[in-house]
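Notes to accompany the following structure.
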There are 2 protein chains.
Amino acid sequence: LRDPKLTRSVWFTDRNENIALSIRHKGERLFSEKSQFQKVEVYETFAYGKMLTIDTMVMCTEKDEYAYHEMIAHVPLHLIPSASTVLVIGGGDGGTVRELLRHPGVSHVTMVEIDETVVRASREHLPQLSESLKDSRLNLIIDDGIRFVGNAPSAAYDLVILDSSDPVGPAKGLFTPEFFRNVHRILAPNGALVAQSESPRFNQGAFVALNKCLNEIFSSVHCYLAFIPTYPTGMWSFTLAGKTPLDPTSGLDETVVNSFSEANNLNYYNADVHKAAFALPTFVKKMLN
Amino acid sequence: LRDPKLTRSVWFTDRNENIALSIRHKGERLFSEKSQFQKVEVYETFAYGKMLTIDTMVMCTEKDEYAYHEMIAHVPLHLIPSASTVLVIGGGDGGTVRELLRHPGVSHVTMVEIDETVVRASREHLPQLSESLKDSRLNLIIDDGIRFVGNAPSAAYDLVILDSSDPVGPAKGLFTPEFFRNVHRILAPNGALVAQSESPRFNQGAFVALNKCLNEIFSSVHCYLAFIPTYPTGMWSFTLAGKTPLDPTSGLDETVVNSFSEANNLNYYNADVHKAAFALPTFVKKMLN
């Protein structure tokens with residue numbers, strides 16, 4: 001005797017033990033597969049379009065993925081406009097590659113995704129993200145990013161992007177000094193790493209540990225923030241680590257940035273946002289001191 | 001035969017029809033009263049300390065209230081350092097008044113809160129917020145803010161702060177042209193209004209309508225943003241409206257701002273954050289065009 005309207009209100013919840021973010025969806029799972037690494041699912045939500053989840057954590061949704069993908073790609077590429085070879089670890093949905101390939105200077109992207117299931121789910125259900133995976137400039141490799149980076153030649157990449165899920169499950173080994181020493185080694189002399197570095201509020205431990213680890217290995221480390229409504233607390237961080245000192249804002253050519261952003265119809269990133277993202281609230285600064 | 005551990009996991013949820021933010025609490029309500037206006041409750045949460053809610057919307061929590069209250073008070077007061085008389089509409093918890101009174105130039109604050117229940121709940125359970133309500137520079141009036149503003153003398157205030165709940169229930173009439181024309185009238189010639197202006201993502205309609213309304217009445221209107229983890233989507237906006245043109249960033253004395261912020265042990269606001277808050281992501285800019 002349940003109200004049929006109530007049974008139709010179904011929610012996906014991304015939570016830790018004390019806070020949770022829930023997103024209403026339309027009932028059926030468009031994709032659901034347990035790979036050897038993790039559970040990969042796609043839901044159709046009411047507010048955010050299709051949503052990709054891994055082990056009950058939101059990876060991205062059609063309607064807000066641009067914020068994350070624009071910020072992880074365009075911030076470093078406008079700081080290192082000479083970058084031509086890029087390595088992406090993770091990022092199986094294709095959103096990061098899509099943004100990287102908007103830059104004509106990027107001639108070659110290698111993406112190493114551990115789980116082909118993520119790529120397949122995205123190809124089947126998230127074409128706005130995965131279409132970039134067809135680009136001839138992309139070399140898509142299904143492999144363990146840790147092993148790949150360990151075996152890669154030195155100084156081979158201008159930019160490395162760590163577009164991983166949270167540091168649990170298969171992504172755990174990505175947040176280690178050994179991994180980041182290898183990333184440092186495979187970067188060109190003026191190269192840089194950008195890592196998604198969790199929420200300073202929701203995953204404070206991982207956020208602080210990653211920053212500290214990068215500070216021991218790289219010569220300049222700068223954290224930046226973006227509003228991601230479908231990630232817990234809505235505040236997400238990225239960390240930019242340069243092999244040589246890198247000023248994250250003062251060298252920026254704002255005219256170039258804004259022309260690029262307009263020409264590509266970006267939804268989040270612009271020159272003001274680039275500079276503003278590096279301004280940290282005092283409680284975040286204190287965490288990193 | 002329910003698992004007793006499960007029955008102890010109790011959650012407060014702030015939701016619209018499609019997304020929800022849930023915060024785990026310890027079970028009992030510390031305060032629960034239905035006033036003639038709204039339902040006022042206080043919970044003890046695990047992640048955020050004590051939490052004040054009105055009609056199942058989070059108003060503030062002990063552990064993150066500083067972000068909202070610092071941003072609503074210090075941004076305008078550092079832009080109008082000569083401000084001495086301030087009117088607060090709403091704000092019954094006391095957090096905004098606490099931040100305002102950190103400025104030695106502020107000699108008189110009038111706060112008009114419609115619901116004494118909010119004040120009482122805060123006095124009983126949120127001393128870190130409500131202690132400011134004892135200050136001799138404060139005149140606390142329990143009354144309808146709309147009526148108060150309608151009857152107030154012209155040019156009486158240097159700053160008006162609209163620290164209301166969402167524009168439903170008793171706060172609805174606060175988001176009307178008539179109300180804001182009266183606010184404009186009671187401001188001194190160089191005065192300004194700051195209004196909490198909802199989430200551009202969660203309450204897009206109210207956010208856009210308020211900005212448009214203020215643009216028709218005030219001579220300069222600037223939106224700014226802050227990360228508020230316990231509000232839905234985590235992205236919250238404030239709107240600064242000047243009776244005369246007001247540049248929100250270029251006149252800022254950064255040394256003064258940072259000394260002030262350090263001396264007062266602020267947790268969120270600093271000079272970089274002040275400037276960064278006015279940098280709007282492109283999708284927000286487009287909403288306001």
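Values below: all heavy atoms of this structure, side chains included; hydrogens, waters and symmetry mates excluded. These numbers were taken from a predicted model, which means no experiment stands behind them. All chains are named by letter (A, B, ...) in the order of the sequence lines, taking the proteins before the strands, and each is independently numbered beginning at 1.
For the options B:S199, B:A226, B:A271, heavy-atom pairs under 4.5 Å to chain A are most numerous at B:A226. Note on A:N267, A:T45, A:D272: by heavy-atom pairs under 4.5 Å with chain B, the leading option is A:N267. If you tally non-hydrogen atom pairs under 4.5 Å between each of B:E262, B:M235, B:H274, B:K275 and chain A, the highest count goes to B:M235.
Neither the backbone nor the side chain of A:A277 has a heavy atom closer than 4.5 Å to any heavy atom of chain B. Contact of B:Y48 with chain A is made through the side chain alone, with heavy-atom distances under 4.5 Å. For B:A67, no part sits under 4.5 Å from any heavy atom of chain A, backbone or side chain. Heavy-atom distances place both the backbone and the side chain of A:I19 under 4.5 Å from chain B. B:Y66 touches chain A through its side chain: at least one heavy atom from C-beta onward sits under 4.5 Å away, while N, CA, C and O do not. Interface residue B:D64: backbone and side-chain heavy atoms are both found under 4.5 Å from chain A.
Under the 4.5 Å side-chain criterion, counting only non-hydrogen atoms from C-beta, A:K285 is not in contact with B:V273.
At least one donor-acceptor pair closer than 3.5 Å links the side chain of B:N270 to the backbone N or O of A:L280.
A:R24 and B:E17 make their closest contact through CD-O, 3.1 Å (heavy atoms, listed as atom of the first residue, atom of the second, distance).
If you take CZ on B:R15 and CH2 on A:W11, they are separated by 4.5 Å, rounding to the nearest 0.5 Å. Taken from CZ in A:R201 to OG1 in B:T230, the straight-line distance is 8.0 Å, to the nearest 0.5 Å.
When each of B:V284, B:L225, B:T233 is tested with A:F227 by the rule side-chain contact (heavy atoms from CB on, under 4.5 Å), just one qualifies, namely B:L225.
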